[in-house]
Amino acid sequence: MNKIEHIGIAVKDLEVSNKLFASLFGTAHYKEEEVGSEGVKTSFFKSGPNKIELLQATNADSPIAKFIDKKGEGVHHIAFAVVDIKAEIIRLKAAGFVVLNDHPKKGADNKWVAFLHPKTTNGVLIELCQEIAHQNPTL
Ligand code: ZN
């Protein structure tokens, strides 16, 4: 695993939180994207070399809606950049982690993503992400 790619924060109202984080970082979000398969609307901020992803549920079955019901707003996941997400999934499963996605799926911001169940990572939802190659958009 390489550097932290971004930190995901679950929010109730993306518009309200966009204003809050724009005020915190002194700069507006640079991107908004809806990921239909996850039932989320996301926005992305940069603060120096760091990237923050805000996530708002778009339906009641969304994992973000369930998270907020249980825990309220707050840090939802930490995403790590990986070079070869398929190899990392195999390596981590062999090491005993519960990987929620046997096959990486398309996430926000042009990434292949897979998640590790928090029960095997001390309660922290970990996201693996690999940039989708422009010249080869399949895995
Ligand atoms: Zn994320």
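Sequence positions, counted from 1, serve as the residue numbers for this chain. Note that ligands are numbered from 1 as they come in the structure, with each ligand's atoms numbered from 1 the same way.
- Between the side chains of E53 and H76, no donor-acceptor pair is found at a separation under 3.5 Å.
- The backbone N or O of E33 sits less than 3.5 Å from a side-chain atom of T42, completing a donor-acceptor pair.
- Shortest distance from the Zn ion (ligand 1) to H77 is reached at NE2 (N/O/S atoms only).
- Between K111 and E127, none of the side-chain N atoms (NZ, or NE/NH1/NH2) sits under 4.0 Å from a carboxylate O, so this pair counts as no salt bridge.
- Residue contact annotation: C129 places no N/O/S atom under 2.8 Å from the Zn ion (ligand 1).
- Residues F44 and H29 keep their aromatic ring centres 6.0 Å or farther apart.
- Not one N, O or S atom of H76 sits under 2.8 Å from the Zn ion (ligand 1).
- Vertex the Zn ion (ligand 1), arms ending at OE1 of E127 and OE1 of E53: the angle is 170° after rounding to 10 degrees.
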